[in-house]
Chemist: 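Sharing a structure below in structure tokens format, with a few things to ask.
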Protein chains: 2
Amino acid sequence: MVAQHANALTTITDKLQSLGILDQSDRDALGSLVFTVNTAPANHDLVRQGEAATSLQVLLDGYACRYKITAGGARQIVSFHLPGDILDAQQLLLGSADHFVQTITSATIGVVPLAEFRRILKLRPNIAEALWRDTLIDASIYREWVLNVGKRDVTSRIAHMLCEFAFRRENAGLGPPERCELPMTQHQIADATGLSAVHVNRVLHELARNGLIAADKPEVKIVDWSQLCRIGDFDPSYLHGAA
Amino acid sequence: MVAQHANALTTITDKLQSLGILDQSDRDALGSLVFTVNTAPANHDLVRQGEAATSLQVLLDGYACRYKITAGGARQIVSFHLPGDILDAQQLLLGSADHFVQTITSATIGVVPLAEFRRILKLRPNIAEALWRDTLIDASIYREWVLNVGKRDVTSRIAHMLCEFAFRRENAGLGPPERCELPMTQHQIADATGLSAVHVNRVLHELARNGLIAADKPEVKIVDWSQLCRIGDFDPSYLHGAA
DNA sequence: CGCAGCGTTGAACGTATTCAAAAGAGGTGG
DNA sequence: CCACCTCTTTTGAATACGTTCAACGCTGCG
């Protein structure tokens with residue numbers, strides 16, 4: 001438990017340090033944070049639309065996604081999340097959540113009481129700036145997703161999604177994009193790309209036939225990274241170095 | 001010219017005040033801002049992808065949009081902008097722009113040197129917080145757009161886009177959603193919804209046939225606001241009160 | 001062992017695109 | 001003031017793309 005806590009602290013500090021310049025006082029403030037470590041099973045909602053947050057959640061291990069649903073019940077995943085990602089920074093300043101956050105795999109989450117974190121923000125503007133920068137990068141990623149879902153043909157669209165995930169996974173220190181395994185189901189890929197699961201299946205097979213990926217069941221593995229980036233029209237500059 | 005400057009100051013201060021609590025010192029700091037007022041014709045790029053910003057641009061009059069393009073040249077509009085909107089807040093903290101910003105109509109823009117604005121941000125944390133909140137709302141709007149483009153059927157999708165625009169237009173003090181005229185072409189609506197202009201034309205006619213909108217050439221006018229919201233699955237809570 | 005979820009495949013269908021062509025509107029210059 | 005040019009809107013027809021429906025195999029878990 002102590003080891004887990006130390007680990008969690010490192011994760012948060014590393015994340016914020018990658019987003020802005022922190023001095024020793026900033027790191028001390030982060031070190032003084034009171035927080036707990038929770039675990040959640042796969043497909044478990046961590047944030048529910050309409051609810052106000054009482055804490056700040058940081059993904060420490062496992063994968064998650066954000067999603068929204070239409071009145072008709074159709075679900076659209078709007079982003080994927082990796083260890084180190086802050087899952088509900090928006091609740092720091094906005095009222096209730098406008099979307100859901102759900103685990104994809106089983107996950108461990110660092111939970112900081114909201115009042116506690118707000119206190120730190122007031123005292124340490126560097127930390128607030130780092131979080132603002134994180135929000136700006138999130139917004140940039142959403143823009144790319146609007147483009148991806150709106151204008152790319154299906155092969156390119158799925159390839160782009162895979163590239164983004166593999167790239168961010170590497171940035172988060174989880175291994176190189178080559179031989180990257182993906183934790184999500186084809187149904188989840190469909191929800192993220194605005195397609196049907198059936199069609200995702202066909203396109204993945206097409207990509208596999210062309211030697212870009214390999215079905216390393218039950219997951220998918222990237223074989224030809226540079227080709228996949230070309231097909232997927234993937235240029236990571238929109239990530240602005242995001243972890 | 002003096003009148004224009006005073007007007008521009010009011011626009012910026014009102015915008016920030018709607019996003020957070022400003023005290024007198026904050027307002028004084030904003031009042032001390034050195035800036036100029038420019039005009040731009042319709043369809044003119046105000047921000048170009050890949051370029052670093054040297055100034056902060058605030059839309060004072062007219063309409064604008066953000067867009068991205070694929071390697072194949074397809075264009076996707078990712079947001080619309082109204083008077084009061086800050087057009088390149090992201091450049092405050094990120095490096096180069098990851099997208100374009102273009103005028104839809106002829107427009108007037110308030111331009112603040114970036115160094116000048118950064119100075120204010122360091123001194124006035126309330127202003128930084130208001131801008132962060134603005135970024136969070138932007139991100140929420142992008143999420144809704146991913147859902148809109150990814151999962152809504154065409155009629156609903158176009159209706160939602162119209163509702164969002166009319167709603168924000170009212171919030172910006174430009175008149176009620178009923179009898180709201182839209183400044184964009186059908187081609188621009190197509191670029192925003194991920195459709196072809198031909199099909200947008202057909203759907204707009206369908207909406208007109210059902211008495212939801214009226215073709216008040218060359219623009220489109222909303223007739224039955226509440227029905228359009230229903231058809232468009234439009235719930236403004238994701239705008240978090242954005243102007 | 002049986003159930004549930006995920007992946008896979010085929011066939012029919014429907015929606016939106018593409019192509020093409022023409023009419024309307026606004027602006028410019030002669 | 002009119003003629004012309006361009007951009008936008010409009011319409012029809014053929015086409016292509018992705019969905020839907022249905023069924024089955026596989027895997028992991030209770």
Side-chain angles (χ1 to χ4, degrees), chain A residues 41-44 63 65 70 72-77 102-106 148-159 161-162 181-209 213-221, chain B residues 41-44 63 65 70 72-77 102-106 148-159 161-162 181-209 213-221:
Chain A
N43 306 312
H44 176 258
Y63 297 99
C65 67
T70 65
R75 161 173 140 139
Q76 174 72 43
I77 292 177
Q102 187 172 81
T103 54
I104 289 178
T105 61
S106 62
N148 201 41
V149 173
K151 281 283 139 88
R152 291 207 180 94
D153 66 75
V154 183
T155 310
S156 184
R157 195 187 304 184
I158 291 178
M161 194 229 81
L162 298 178
E181 289 176 2
L182 303 164
M184 66 284 282
T185 66
Q186 296 182 2
H187 192 86
Q188 286 163 336
I189 296 177
D191 282 350
T193 49
L195 301 166
S196 69
V198 170
H199 204 60
V200 166
N201 181 273
R202 290 192 234 272
V203 173
L204 287 177
H205 277 268
E206 179 205 321
L207 289 172
R209 242 183 294 114
I213 63 176
D216 190 23
K217 315 213 183 169
E219 285 145 357
V220 164
K221 186 183 285 183
Chain B
N43 304 312
H44 176 258
Y63 297 100
C65 68
T70 65
R75 158 174 143 139
Q76 174 73 41
I77 292 177
Q102 187 173 81
T103 55
I104 289 178
T105 60
S106 61
N148 201 40
V149 173
K151 280 285 138 86
R152 292 210 179 94
D153 67 74
V154 184
T155 310
S156 184
R157 196 187 304 183
I158 291 179
M161 195 227 83
L162 297 179
E181 289 176 1
L182 302 164
M184 67 283 281
T185 66
Q186 295 182 5
H187 192 86
Q188 286 162 337
I189 295 177
D191 283 350
T193 50
L195 301 166
S196 69
V198 170
H199 207 219
V200 167
N201 181 273
R202 293 193 231 271
V203 173
L204 287 178
H205 277 268
E206 179 206 323
L207 289 172
R209 243 183 293 115
I213 62 175
D216 190 23
K217 317 214 177 166
E219 286 144 358
V220 165
K221 185 184 285 183

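Owing to the predicted nature of the structure, the values given are computational and were not obtained by experimental measurement. Below, chain A is the first sequence line, B the second, and so on; all start at residue 1.
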Chemist: Reading nucleotides 24-30 of chain D from the 5' end, what letters show protein touch, with B for base, S for backbone sugar-phosphate only, - for no heavy atom under 4.0 Å?
Modeler: -------
Chemist: So, using side-chain contact (heavy atoms from CB on, under 4.5 Å) as the criterion, who are the partners of B:A215 when residues are at least two apart?
Modeler: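 None.
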Chemist: I need the A:R157 CZ to B:T70 OG1 distance, nearest 0.5 Å.
Modeler: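 That separation rounds to 12.0 Å.
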Chemist: Is the shortest heavy-atom distance from the side chain of A:L195 to the side chain of A:I158 under 4.5 Å?
Modeler: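 The answer is yes; the side chains approach within 4.5 Å.
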Chemist: Tell me every residue that passes side-chain hydrogen bond (donor to acceptor under 3.5 Å, both in side chains) with B:Q186, counting only those two or more places apart in sequence or in another chain.
Modeler: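 Result, side-chain hydrogen bond (donor to acceptor under 3.5 Å, both in side chains) vs B:Q186: B:N201.
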Chemist: Checking A:A42 now: which residues fulfil side-chain contact (heavy atoms from CB on, under 4.5 Å) with it, not counting sequence neighbours?
Modeler: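 Partners of A:A42 by the side-chain contact (heavy atoms from CB on, under 4.5 Å) criterion come out as none, since no residue qualifies.
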Chemist: End-to-end bend of the helix from C:dC1-D:dG30 to C:dG30-D:dC1 (five-pair axes, 10° rounding)?
Modeler: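 Helix axis angle between the two ends: 40°.
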Chemist: Find the distance B:M184:CE to D:dT8:P and express it as a whole number of Å.
Modeler: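 From B:M184 CE to D:dT8 P: 14 Å.
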Chemist: Output all residues satisfying side-chain contact (heavy atoms from CB on, under 4.5 Å) with B:E181, sequence neighbours left out; order by chain, then residue number.
Modeler: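 Once residues adjacent in sequence are excluded, the partners of B:E181 under the side-chain contact (heavy atoms from CB on, under 4.5 Å) criterion are B:D216, B:E219, B:K221.
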Chemist: Any non-hydrogen side-chain atom of A:D191 less than 4.5 Å from a side-chain atom of B:K151?
Modeler: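 Side-chain contact under 4.5 Å: yes.
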Chemist: Distances for protein N/O vs nucleotides 10-14 of chain D N/O pairs under 3.5 angstrom?
Modeler:
unit_1	atom_1	unit_2	atom_2	d
D:dT10	OP1	B:H205	NE2	3.4
D:dT10	OP2	B:Q186	NE2	2.8
D:dT10	OP2	B:N201	ND2	2.4
D:dT10	OP2	B:H205	NE2	3.2
D:dT10	O5'	B:N201	ND2	3.3
D:dT10	O5'	B:H205	NE2	3.2
D:dG12	N7	B:R202	NH1	3.4
D:dA13	N6	B:R202	NH2	3.2

Chemist: Going 5' to 3' along DNA chain C, between which two nucleotides do contacts with chain A fall, using a heavy-atom cut-off of 4.0 Å?
Modeler: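 With heavy atoms of chain A under 4.0 Å away, the range is C:dG7 to C:dA11.
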Chemist: Under 4.0 Å, counting only non-hydrogen atoms across every strand here, what does B:S196 touch: a base, just sugar-phosphate, or nothing?
Modeler: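 The residue B:S196 makes base contact.
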Chemist: I need the full list of salt bridge (charged side-chain N to carboxylate O under 4.0 Å, His left out) pairs touching residues 194-204 of chain A, with sequence neighbours left out, sorted by first then second residue.
Modeler: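 Listed once each, the pairs would be none.
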Chemist: Sequence neighbours excluded, which residues qualify as salt bridge (Lys or Arg N to Asp or Glu O under 4.0 Å) partners of B:R152?
Modeler: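 Once residues adjacent in sequence are excluded, the partners of B:R152 under the salt bridge (Lys or Arg N to Asp or Glu O under 4.0 Å) criterion are B:E144, B:D233.
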Chemist: When rounded to the nearest 0.5 angstrom, what is the spacing between NE2 in A:H187 and CD1 in A:I77?
Modeler: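 So the gap between those two atoms works out to 8.0 Å.
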Chemist: Among residues at least two apart in sequence or on other chains, which ones pass side-chain contact (heavy atoms from CB on, under 4.5 Å) with A:A159?
Modeler: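 Residues passing side-chain contact (heavy atoms from CB on, under 4.5 Å) with A:A159: A:L228, A:I231.
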Chemist: Roughly how many Å is it from NE2 in B:H187 to C1' in D:dT9, rounded to a whole number?
Modeler: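 Result: 13 Å.
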Chemist: Rounding to a whole Å, what distance do you find between B:I104:CD1 and D:dT8:P?
Modeler: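 Distance check: B:I104 CD1 to D:dT8 P gives 12 Å.
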Chemist: What is the separation between atom NE2 on B:H199 and atom P on D:dA16, rounded to the nearest whole Å?
Modeler: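 Answer to the nearest Å: 18 Å.
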Chemist: Strictly distance-based, threshold 3.5 Å: is any side-chain N or O of B:T185 a donor or acceptor partner for the main-chain N or O of B:Q188?
Modeler: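 Pair found, side chain donor or acceptor close to backbone of B:Q188.
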Chemist: Taking atom P of D:dC17 as reference, at what distance in whole Å does atom CD1 of A:I158 sit?
Modeler: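 These atoms are roughly 15 Å apart.
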Chemist: Quickly work out the B:E206 CD to D:dT9 C1' distance and round it to whole Å.
Modeler: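 Nearest whole value for this atom pair: 17 Å.
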Chemist: Using every non-hydrogen atom in the two residues, find where A:R75 and A:C65 come nearest and quote the distance to one decimal.
Modeler: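 That would be NH2-SG, 4.2 Å.
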